[in-house]
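Data block below; observations after.
Whatever order the structure lists them in is the order used to number ligands and atoms, beginning at 1. Please read these numbers as outputs of a predicted model, since none were measured by experiment.
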Amino acid sequence: MRKSLVAFILITIVVLGLAVQHVWILLSLLITDYSQYAISRADLPAPKSNAINDRPQLIPKIIHQTYVNDSIPAHWKGPQKSCIDLHPDYEYKLWTDKKAREFIAAEYPWFLENFDGYPYPIQRADSIRYFVLHHFGGIYIDLDDGCNRSLDPLLAYPAWLRLTTPTGISNDAMGAIPRHPFFLKTIDSLPKYNRRWILPYITVMGTTGPLYLSIIWRHYMNGNPGRDDTVRILFPDEYNNHSWSFFTHHLGNSWHSSDVKLIFWMGQHWLLLTFLGFAIGFSLLFCIYSFCVRRRQADTKGRFSYSRIPFYRRISQKDIELDDRHEV
Ligand SMILES: *[C@@H]1O[C@H](CO)[C@@H](O)[C@H](O)[C@H]1NC(C)=O
(Lines give C-alpha, C1' and ligand atoms only; values in the text may rest on other atoms or scores of the structure.)
Protein backbone atom coordinates (compact mmCIF):
# COMPACT_ATOMS: atom_id res chain seq x y z
CA MET A 1 0.00 0.00 0.00
CA ARG A 2 1.18 3.48 -0.72
CA LYS A 3 2.44 5.57 2.16
CA SER A 4 0.00 8.36 1.46
CA LEU A 5 -2.95 5.97 1.58
CA VAL A 6 -1.80 4.62 4.94
CA ALA A 7 -1.48 8.17 6.21
CA PHE A 8 -4.96 8.97 4.91
CA ILE A 9 -6.50 6.00 6.71
CA LEU A 10 -4.64 6.78 9.94
CA ILE A 11 -5.73 10.41 9.89
CA THR A 12 -9.30 9.35 9.22
CA ILE A 13 -9.25 6.97 12.18
CA VAL A 14 -7.80 9.64 14.48
CA VAL A 15 -10.36 12.23 13.34
CA LEU A 16 -13.25 9.81 13.75
CA GLY A 17 -11.91 8.69 17.12
CA LEU A 18 -11.72 12.28 18.36
CA ALA A 19 -15.22 13.02 17.05
CA VAL A 20 -16.70 9.95 18.72
CA GLN A 21 -14.85 10.62 21.98
CA HIS A 22 -16.15 14.18 21.92
CA VAL A 23 -19.79 13.15 21.59
CA TRP A 24 -19.50 9.88 23.47
CA ILE A 25 -21.76 10.97 26.31
CA LEU A 26 -24.30 12.22 23.76
CA LEU A 27 -24.20 8.91 21.91
CA SER A 28 -24.52 6.99 25.17
CA LEU A 29 -27.61 9.07 26.06
CA LEU A 30 -29.26 7.74 22.90
CA ILE A 31 -28.79 4.14 23.99
CA THR A 32 -29.33 4.61 27.73
CA ASP A 33 -31.88 2.22 29.18
CA TYR A 34 -33.67 4.61 31.54
CA SER A 35 -36.03 1.89 32.75
CA GLN A 36 -33.41 0.52 35.16
CA TYR A 37 -33.66 3.83 37.09
CA ALA A 38 -37.43 4.17 36.71
CA ILE A 39 -39.71 4.97 39.59
CA SER A 40 -41.91 1.97 38.94
CA ARG A 41 -45.64 2.62 38.71
CA ALA A 42 -46.20 -0.41 40.92
CA ASP A 43 -44.08 1.25 43.61
CA LEU A 44 -46.25 4.38 43.60
CA PRO A 45 -49.39 4.24 45.76
CA ALA A 46 -52.65 5.22 44.04
CA PRO A 47 -53.74 8.87 44.51
CA LYS A 48 -56.01 8.23 47.52
CA SER A 49 -54.25 5.17 48.95
CA ASN A 50 -53.35 4.94 52.66
CA ALA A 51 -50.04 3.42 51.62
CA ILE A 52 -48.80 6.98 50.97
CA ASN A 53 -48.57 7.57 54.72
CA ASP A 54 -46.35 4.50 55.24
CA ARG A 55 -43.64 5.82 53.00
CA PRO A 56 -40.57 7.75 54.14
CA GLN A 57 -40.70 11.49 53.43
CA LEU A 58 -37.13 12.35 52.60
CA ILE A 59 -37.61 15.38 50.37
CA PRO A 60 -38.73 18.50 52.30
CA LYS A 61 -42.23 19.74 51.53
CA ILE A 62 -41.34 22.76 49.43
CA ILE A 63 -42.59 23.64 45.93
CA HIS A 64 -40.32 25.90 43.88
CA GLN A 65 -41.40 27.80 40.78
CA THR A 66 -39.79 30.60 38.76
CA TYR A 67 -41.05 33.64 36.92
CA VAL A 68 -39.77 37.08 35.91
CA ASN A 69 -41.80 38.79 38.64
CA ASP A 70 -44.88 38.26 40.83
CA SER A 71 -47.38 38.97 38.03
CA ILE A 72 -48.02 35.44 36.79
CA PRO A 73 -49.74 35.50 33.35
CA ALA A 74 -53.43 34.48 33.41
CA HIS A 75 -52.90 31.23 31.45
CA TRP A 76 -50.49 29.94 34.11
CA LYS A 77 -52.52 30.94 37.16
CA GLY A 78 -54.69 27.79 36.86
CA PRO A 79 -51.80 25.32 36.88
CA GLN A 80 -50.04 27.28 39.64
CA LYS A 81 -53.19 27.26 41.81
CA SER A 82 -53.73 23.52 41.26
CA CYS A 83 -50.31 22.79 42.78
CA ILE A 84 -50.74 25.19 45.71
CA ASP A 85 -54.27 23.92 46.49
CA LEU A 86 -53.27 20.24 46.48
CA HIS A 87 -50.38 20.90 48.89
CA PRO A 88 -51.59 23.03 51.81
CA ASP A 89 -48.85 21.58 54.02
CA TYR A 90 -46.06 22.54 51.59
CA GLU A 91 -44.09 25.75 51.61
CA TYR A 92 -44.44 27.61 48.31
CA LYS A 93 -41.51 29.60 46.88
CA LEU A 94 -41.79 31.67 43.73
CA TRP A 95 -38.34 32.65 42.49
CA THR A 96 -38.65 35.97 40.69
CA ASP A 97 -35.62 37.36 38.83
CA LYS A 98 -34.91 39.69 41.75
CA LYS A 99 -35.18 37.01 44.43
CA ALA A 100 -33.13 34.57 42.36
CA ARG A 101 -30.27 37.03 42.00
CA GLU A 102 -30.33 37.93 45.69
CA PHE A 103 -30.28 34.24 46.58
CA ILE A 104 -27.27 33.49 44.35
CA ALA A 105 -25.44 36.56 45.68
CA ALA A 106 -26.03 35.48 49.28
CA GLU A 107 -25.58 31.71 49.08
CA TYR A 108 -23.47 31.00 45.99
CA PRO A 109 -21.42 34.19 45.40
CA TRP A 110 -18.85 32.27 43.35
CA PHE A 111 -21.53 31.84 40.68
CA LEU A 112 -22.88 35.39 40.59
CA GLU A 113 -20.68 36.66 37.77
CA ASN A 114 -21.52 33.61 35.67
CA PHE A 115 -25.22 34.01 36.54
CA ASP A 116 -25.31 37.69 35.55
CA GLY A 117 -23.29 36.99 32.41
CA TYR A 118 -25.67 34.52 30.80
CA PRO A 119 -26.84 36.01 27.49
CA TYR A 120 -30.34 34.49 27.69
CA PRO A 121 -32.70 35.01 30.67
CA ILE A 122 -33.88 31.39 30.37
CA GLN A 123 -30.35 30.31 31.36
CA ARG A 124 -30.84 32.08 34.69
CA ALA A 125 -34.32 30.51 35.02
CA ASP A 126 -32.78 27.09 34.32
CA SER A 127 -29.81 27.39 36.63
CA ILE A 128 -31.63 28.92 39.63
CA ARG A 129 -33.77 25.77 39.95
CA TYR A 130 -30.65 23.61 40.42
CA PHE A 131 -29.32 25.96 43.09
CA VAL A 132 -32.55 26.13 45.11
CA LEU A 133 -32.91 22.34 44.96
CA HIS A 134 -29.33 21.98 46.14
CA HIS A 135 -29.81 24.49 48.94
CA PHE A 136 -33.35 23.85 50.23
CA GLY A 137 -34.32 20.60 48.57
CA GLY A 138 -37.95 20.22 47.55
CA ILE A 139 -39.75 19.87 44.25
CA TYR A 140 -39.35 22.23 41.33
CA ILE A 141 -42.29 22.52 38.89
CA ASP A 142 -42.46 24.57 35.66
CA LEU A 143 -45.27 27.12 35.64
CA ASP A 144 -46.90 25.44 32.64
CA ASP A 145 -47.30 22.20 34.62
CA GLY A 146 -50.29 21.83 36.89
CA CYS A 147 -50.69 19.23 39.66
CA ASN A 148 -53.11 16.35 39.25
CA ARG A 149 -52.62 14.68 42.68
CA SER A 150 -50.54 15.08 45.82
CA LEU A 151 -46.80 14.79 45.22
CA ASP A 152 -46.27 13.07 48.61
CA PRO A 153 -45.32 9.65 47.12
CA LEU A 154 -42.43 11.30 45.27
CA LEU A 155 -40.92 12.55 48.54
CA ALA A 156 -39.73 8.98 49.19
CA TYR A 157 -36.90 9.16 46.63
CA PRO A 158 -33.77 11.21 47.52
CA ALA A 159 -33.60 12.62 43.99
CA TRP A 160 -35.64 12.23 40.83
CA LEU A 161 -35.83 13.69 37.36
CA ARG A 162 -38.32 13.31 34.59
CA LEU A 163 -38.07 11.58 31.22
CA THR A 164 -39.68 13.24 28.19
CA THR A 165 -41.05 11.53 25.11
CA PRO A 166 -39.52 10.09 23.03
CA THR A 167 -36.32 10.21 25.11
CA GLY A 168 -34.14 12.52 27.15
CA ILE A 169 -34.25 14.04 30.61
CA SER A 170 -36.17 17.24 31.16
CA ASN A 171 -35.74 19.91 33.82
CA ASP A 172 -39.40 20.92 34.08
CA ALA A 173 -40.08 18.90 37.24
CA MET A 174 -37.41 17.63 39.64
CA GLY A 175 -37.18 16.68 43.26
CA ALA A 176 -34.30 16.28 45.71
CA ILE A 177 -33.23 16.31 49.33
CA PRO A 178 -30.99 19.29 50.26
CA ARG A 179 -27.31 18.91 49.25
CA HIS A 180 -27.90 15.88 47.10
CA PRO A 181 -24.57 14.99 45.37
CA PHE A 182 -26.23 15.00 41.95
CA PHE A 183 -27.37 18.61 42.29
CA LEU A 184 -23.99 19.47 43.76
CA LYS A 185 -22.39 18.16 40.57
CA THR A 186 -25.03 19.97 38.50
CA ILE A 187 -24.30 23.41 39.97
CA ASP A 188 -20.57 22.72 40.17
CA SER A 189 -20.35 21.96 36.44
CA LEU A 190 -22.30 25.02 35.22
CA PRO A 191 -19.25 27.30 34.69
CA LYS A 192 -17.41 24.61 32.71
CA TYR A 193 -20.30 24.20 30.28
CA ASN A 194 -20.90 27.93 29.87
CA ARG A 195 -20.13 28.27 26.17
CA ARG A 196 -21.87 29.89 23.23
CA TRP A 197 -23.01 27.66 20.39
CA ILE A 198 -24.19 28.81 16.97
CA LEU A 199 -27.92 28.62 17.67
CA PRO A 200 -29.40 30.19 20.82
CA TYR A 201 -31.48 27.05 21.36
CA ILE A 202 -28.39 24.84 21.45
CA THR A 203 -26.62 27.32 23.73
CA VAL A 204 -29.52 27.22 26.20
CA MET A 205 -29.98 23.45 25.97
CA GLY A 206 -26.27 22.69 26.34
CA THR A 207 -25.27 25.22 29.01
CA THR A 208 -28.16 25.04 31.50
CA GLY A 209 -31.15 23.28 29.94
CA PRO A 210 -32.36 19.69 29.56
CA LEU A 211 -29.41 18.59 27.42
CA TYR A 212 -26.99 19.92 30.04
CA LEU A 213 -28.87 18.13 32.80
CA SER A 214 -28.93 14.87 30.79
CA ILE A 215 -25.17 15.02 30.20
CA ILE A 216 -24.46 15.70 33.88
CA TRP A 217 -26.83 12.90 34.86
CA ARG A 218 -25.07 10.45 32.50
CA HIS A 219 -21.64 11.40 33.89
CA TYR A 220 -22.95 11.14 37.45
CA MET A 221 -24.60 7.75 36.94
CA ASN A 222 -21.46 6.43 35.19
CA GLY A 223 -19.77 6.81 38.58
CA ASN A 224 -22.17 4.17 39.96
CA PRO A 225 -23.57 6.13 42.92
CA GLY A 226 -24.79 4.13 45.90
CA ARG A 227 -28.46 3.43 46.57
CA ASP A 228 -29.12 6.68 48.47
CA ASP A 229 -27.19 8.80 46.01
CA THR A 230 -28.80 7.47 42.87
CA VAL A 231 -31.15 9.63 40.78
CA ARG A 232 -34.45 7.99 39.87
CA ILE A 233 -36.40 8.69 36.70
CA LEU A 234 -40.10 9.47 36.47
CA PHE A 235 -41.55 8.10 33.22
CA PRO A 236 -44.03 9.96 30.96
CA ASP A 237 -47.03 7.85 32.05
CA GLU A 238 -46.38 8.60 35.71
CA TYR A 239 -45.78 12.17 34.70
CA ASN A 240 -48.89 13.24 32.84
CA ASN A 241 -50.69 10.77 30.60
CA HIS A 242 -53.24 9.23 32.98
CA SER A 243 -55.76 9.98 35.68
CA TRP A 244 -53.25 8.62 38.24
CA SER A 245 -50.32 10.68 36.87
CA PHE A 246 -48.85 13.51 38.93
CA PHE A 247 -49.02 16.48 36.58
CA THR A 248 -51.12 18.04 33.86
CA HIS A 249 -49.46 19.86 31.01
CA HIS A 250 -50.54 23.29 29.81
CA LEU A 251 -49.37 25.07 26.69
CA GLY A 252 -47.08 28.01 26.71
CA ASN A 253 -43.36 27.47 26.64
CA SER A 254 -42.41 31.10 26.76
CA TRP A 255 -38.96 31.12 25.23
CA HIS A 256 -39.04 28.82 22.19
CA SER A 257 -37.89 30.67 19.08
CA SER A 258 -37.45 29.93 15.39
CA ASP A 259 -34.42 27.68 15.74
CA VAL A 260 -36.52 25.25 17.78
CA LYS A 261 -38.20 23.88 14.64
CA LEU A 262 -34.83 23.19 13.08
CA ILE A 263 -33.61 21.38 16.19
CA PHE A 264 -36.77 19.27 16.41
CA TRP A 265 -36.39 18.40 12.75
CA MET A 266 -32.75 17.48 13.38
CA GLY A 267 -33.79 15.39 16.38
CA GLN A 268 -36.26 13.45 14.28
CA HIS A 269 -33.69 12.84 11.53
CA TRP A 270 -30.57 12.34 13.63
CA LEU A 271 -29.70 9.02 11.95
CA LEU A 272 -29.81 10.55 8.47
CA LEU A 273 -27.85 13.58 9.69
CA THR A 274 -25.20 11.42 11.35
CA PHE A 275 -24.82 9.44 8.12
CA LEU A 276 -24.63 12.63 6.06
CA GLY A 277 -22.08 14.09 8.47
CA PHE A 278 -19.82 11.07 8.12
CA ALA A 279 -20.31 11.00 4.33
CA ILE A 280 -19.40 14.68 3.99
CA GLY A 281 -16.45 14.26 6.37
CA PHE A 282 -15.12 11.29 4.42
CA SER A 283 -15.57 13.02 1.06
CA LEU A 284 -13.75 16.08 2.34
CA LEU A 285 -10.85 14.02 3.65
CA PHE A 286 -10.74 12.08 0.38
CA CYS A 287 -10.67 15.28 -1.67
CA ILE A 288 -7.77 16.57 0.39
CA TYR A 289 -6.04 13.23 0.00
CA SER A 290 -6.43 13.03 -3.77
CA PHE A 291 -5.42 16.66 -4.18
CA CYS A 292 -2.18 16.01 -2.25
CA VAL A 293 -1.46 12.85 -4.22
CA ARG A 294 -2.02 14.53 -7.57
CA ARG A 295 0.16 17.47 -6.64
CA ARG A 296 2.91 15.17 -5.45
CA GLN A 297 2.72 13.20 -8.72
CA ALA A 298 2.81 16.35 -10.77
CA ASP A 299 5.80 17.65 -8.81
CA THR A 300 7.82 14.47 -9.03
CA LYS A 301 7.20 13.99 -12.76
CA GLY A 302 8.18 17.58 -13.40
CA ARG A 303 5.07 18.14 -15.48
CA PHE A 304 3.56 20.75 -13.27
CA SER A 305 2.89 23.85 -15.24
CA TYR A 306 1.42 27.19 -14.28
CA SER A 307 -0.91 26.85 -17.24
CA ARG A 308 -2.96 24.50 -15.05
CA ILE A 309 -3.87 27.32 -12.74
CA PRO A 310 -7.24 28.65 -13.87
CA PHE A 311 -7.18 32.11 -15.56
CA TYR A 312 -3.40 32.06 -15.85
CA ARG A 313 -3.32 31.37 -19.57
CA ARG A 314 -5.97 33.95 -20.33
CA ILE A 315 -4.10 36.65 -18.47
CA SER A 316 -0.84 35.83 -20.18
CA GLN A 317 -2.42 35.90 -23.66
CA LYS A 318 -3.79 39.34 -22.98
CA ASP A 319 -0.32 40.43 -21.95
CA ILE A 320 1.03 39.09 -25.23
CA GLU A 321 -1.62 40.96 -27.20
CA LEU A 322 -0.67 44.17 -25.45
CA ASP A 323 2.96 43.54 -26.20
CA ASP A 324 2.12 42.96 -29.85
CA ARG A 325 0.33 46.27 -30.09
CA HIS A 326 3.30 48.03 -28.63
CA GLU A 327 5.48 46.54 -31.29
CA VAL A 328 3.24 47.74 -34.14
C1 LIG B 1 -43.75 41.33 35.03
O2 LIG B 1 -43.12 40.81 33.87
C3 LIG B 1 -43.93 40.86 32.71
C4 LIG B 1 -43.20 40.10 31.59
O5 LIG B 1 -41.90 40.60 31.39
C6 LIG B 1 -44.22 42.30 32.36
O7 LIG B 1 -45.04 42.35 31.21
C8 LIG B 1 -44.93 42.95 33.56
O9 LIG B 1 -45.12 44.30 33.30
C10 LIG B 1 -44.12 42.78 34.83
N11 LIG B 1 -44.91 43.24 35.96
C12 LIG B 1 -44.40 44.02 36.89
C13 LIG B 1 -45.33 44.37 38.01
O14 LIG B 1 -43.26 44.46 36.86
Side-chain angles (χ1 to χ4, degrees), residues 61-88 90-109 111-136 138-148 151 162 164 170-175 183 186-187 190-191 193-213 239-240 247-264:
K61 291 185 167 179
I62 309 171
I63 289 175
H64 302 276
Q65 300 204 288
T66 59
Y67 192 63
V68 185
N69 53 36
D70 290 316
S71 327
I72 307 280
H75 55 280
W76 284 335
K77 282 200 169 133
Q80 180 200 29
K81 189 171 179 314
S82 68
C83 288
I84 294 173
D85 289 354
L86 271 169
H87 302 93
Y90 281 47
E91 189 183 345
Y92 179 82
K93 286 180 185 283
L94 179 69
W95 293 95
T96 60
D97 282 3
K98 187 167 169 284
K99 280 187 194 152
R101 192 180 185 280
E102 282 166 6
F103 169 75
I104 294 289
E107 300 292 343
Y108 300 93
F111 190 69
L112 190 62
E113 198 186 328
N114 200 156
F115 189 75
D116 287 339
Y118 278 134
Y120 306 104
I122 184 69
Q123 292 174 296
R124 278 180 282 281
D126 272 334
S127 52
I128 187 66
R129 51 189 90 169
Y130 310 138
F131 283 96
V132 296
L133 284 181
H134 177 253
H135 187 81
F136 299 100
I139 294 177
Y140 169 83
I141 310 168
D142 257 4
L143 266 182
D144 55 354
D145 286 311
C147 295
N148 188 46
L151 298 171
R162 191 217 141 188
T164 53
S170 168
N171 66 354
D172 58 0
M174 313 173 271
F183 281 98
T186 304
I187 60 173
L190 282 166
Y193 283 77
N194 185 14
R195 273 181 268 168
R196 266 186 194 243
W197 300 87
I198 300 165
L199 296 171
Y201 187 73
I202 299 184
T203 303
V204 172
M205 290 283 283
T207 55
T208 55
L211 182 62
Y212 169 75
L213 196 66
Y239 187 78
N240 68 5
F247 300 97
T248 54
H249 191 70
H250 302 259
L251 286 179
N253 246 328
S254 50
W255 61 280
H256 281 177
S257 58
S258 61
D259 43 1
V260 176
K261 279 189 198 126
L262 174 67
I263 299 291
F264 281 148

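- Legend: residues meeting ring pair (Phe, Tyr, Trp, His ring centres under 6.0 Å) with Y130, ordered by chain and number and at least two apart, are absent.
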May I have the N/O to N/O pairs between ligand 1 and the protein that fall below 3.5 Å, each with atom names and distance to one decimal?
unit_1, atom_1, unit_2, atom_2, d
ligand 1, 2 (O), N69, OD1, 3.4
ligand 1, 2 (O), N69, ND2, 2.3
ligand 1, 11 (N), N69, ND2, 2.9
ligand 1, 11 (N), S71, OG, 3.3
ligand 1, 14 (O), N69, ND2, 3.3

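- At a cut-off of 3.5 Å, with distance as the only test, no side-chain donor of Q123 or Y212 sits close to an acceptor on the other residue.
- A salt bridge does not link D97 with R124: none of the charged nitrogens is closer than 4.0 Å to a carboxylate oxygen.
- If you look at F103 and F136, their ring centroids are closer than 6.0 Å.
- Taking 4.5 Å as the limit, some side-chain heavy atom of Y90 sits within range of a side-chain heavy atom of L151.
- Aromatic ring orientation, F111 versus F131: tilted (interplanar angle from 30° to 60°).
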